[in-house]
Amino acid sequence: MYEQNYCSVCGNKLVDKKCGEEEGIVRYCEKCGEFRFPMYSSAVSMVVFNRERSKILLIQQYGKKDNILVAGYINKGEIPQQALVRELKEEVRLNAVEWNYNASIYFEKTNTLIHNFVVVSDSENFKIKKNEVDKAQWFTVSEAKEYVKPNSLAKTFLLKALRDNGFADD
């Protein structure tokens, strides 16, 4: 688990200290006299369906050949729903016309809490943003399950979304 070692305000090394009965042991700055609760990034990812919910959009990024979900970080001042609309527009030039919460998972590797949504786009006519997306492609539901990156958060989110939205397991 990611652990903050230095105070984000003064830079002093943090120590472990009991914080009340409910909180337990929390990182503490002796210089500031304040508890420093964990800090992490927040991001969104999305299972993007076409209007008919018959196809799912998967992308490839950063020179990798893995098919993953559209995703991005939440900017300061944004809520996840605003970030998903912005990221879908930025990365593949599609508009989100409907969305519902799917699941959240903490991803230790990047110290990020990822909020996943099921999204319906306004059309299938995407246009990729070259410096963020290498390739995008619509897949049938069965193909998406097959071609999404194995053993990934993308696959975990995709399979849950399909189960919860009435798509039977093959």
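Just so you know, residue 1 is the first one in the sequence shown, and it goes up from there.
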Does the distance from a Lys or Arg side-chain N to an Asp or Glu carboxylate O, for R51 and D122, drop under 4.0 Å?
no
Would you find a donor on one side and an acceptor on the other, under 3.5 Å apart, between the side chain of E23 and the backbone of G20?
no
Given side chain to side chain contact (heavy atoms under 4.5 Å, CB included), test R53 with N165 step by step and report yes or no.
CA-CA 10 Å; R53 295 179 186 252; N165 285 277; 4.1 Å; yes
May I ask you to check whether over 12 heavy atoms, not counting those of N151, lie within 6.0 Å of atom CG?
no
For K149, I'd like to know if atom NZ has over 12 heavy atoms of other residues, nucleotides or ligands within 6.0 Å.
no
Do side-chain atoms of K160 reach the backbone of N102 as a donor and acceptor pair under 3.5 angstrom?
yes
Enter the distance from K155:NZ to L69:CG here, rounded to the nearest 0.5 Å.
12.0 Å
Polar contact flag, side-chain donor to acceptor under 3.5 angstrom, N50-E124:
yes
Taking atom OH of Y147 as the centre, does the number of heavy atoms from other residues, nucleotides or ligands within less than 6.0 Å exceed 12?
no
Applying side chain to side chain contact (heavy atoms under 4.5 Å, CB included), run through S121 and F49 and close with a yes or a no.
CA-CA 6 Å; S121 71; F49 281 92; over 6 Å; no
What do the steps show when you test Y6 against C29 for side chain to side chain contact (heavy atoms under 4.5 Å, CB included), and what is the final call?
CA-CA 8 Å; Y6 296 92; C29 178; over 6 Å; no
Start with the C-alpha distance between F35 and K17, add both sets of side-chain angles, then the distance that settles side chain to side chain contact (heavy atoms under 4.5 Å, CB included), and finish with yes or no.
CA-CA 8 Å; F35 287 98; K17 183 175 179 178; 3.9 Å; yes
Rounded to the nearest 0.5 Å, the CZ atom of R36 sits from the CG atom of N12 at a distance of 10.0 Å
Hey, what else clusters with I74 if you join Ile, Leu, Val, Met, Phe, Trp, Tyr whenever side-chain heavy atoms sit under 4.5 Å?
V44, M46, V48, L57, I59, I68, V70, L84, V85, L88, V92, L94, W99, Y101, F117, V119, F126, I128, V133, W138
Backbone N/O of E91 and side chain of E132: donor-acceptor pair under 3.5 Å:
no
With hydrophobic residues grouped by side-chain heavy-atom distances under 4.5 Å, do V26 and V15 end up in a single group?
yes
Distance from N111 atom CG to S41 atom OG, nearest 0.5 Å?
6.5 Å
Would you indicate whether K129, at its atom NZ, is surrounded by more than 12 heavy atoms from other residues, nucleotides or ligands within a distance under 6.0 Å?
yes
Using side-chain heavy atoms (C-beta onward) and a distance below 4.5 Å, is Y73 in contact with T110?
yes
Return yes if some donor-acceptor pair links the side-chain N/O of E143 with the main-chain N/O of T140 below 3.5 Å, else return no.
yes
Closest non-hydrogen contact found for R93 with E90 is NH1-O, 2.6 Å
Can you tell me if T156 uses its side chain to pair, donor with acceptor, with the backbone of A154 under 3.5 Å?
no
Report the distance from atom SG of C10 to atom CD of E34, rounding to the nearest 0.5 Å.
10.5 Å
Nearest heavy-atom neighbours spanning S104 and H115
OG-ND1, 3.3 Å
Under a 3.5 Å threshold, yes or no: a donor from one side chain and an acceptor from the other, between K13 and N5?
no
Same cluster for V118 and L153 if Ile/Leu/Val/Met/Phe/Trp/Tyr side chains link at under 4.5 Å?
yes
Determine yes or no for a side-chain-to-main-chain donor-acceptor pair under 3.5 angstrom, with N116 supplying the side chain and S45 the backbone.
yes
Measure from the side-chain N and O atoms of D134 to the backbone N and O of Y62, and report whether any donor-acceptor pair falls under 3.5 Å.
yes
Does any N or O in the side chain of T112 come within less than 3.5 Å of the main-chain N or O of I114, such that one atom is a donor and the other an acceptor?
no
Is it the case that Q60 and N67 place a side-chain donor and acceptor less than 3.5 Å from each other?
yes
Taking a hydrophobic cluster as the set of Ile, Leu, Val, Met, Phe, Trp and Tyr residues connected by side-chain heavy atoms closer than 4.5 Å, whether directly or through intermediates, do F157 and F107 fall within one such cluster?
yes
For the OG atom of S8 and the CZ atom of R27, what is their distance to the nearest 0.5 Å?
12.5 Å
Linking Ile, Leu, Val, Met, Phe, Trp and Tyr by side-chain heavy atoms under 4.5 Å, what else ends up with V9?
none
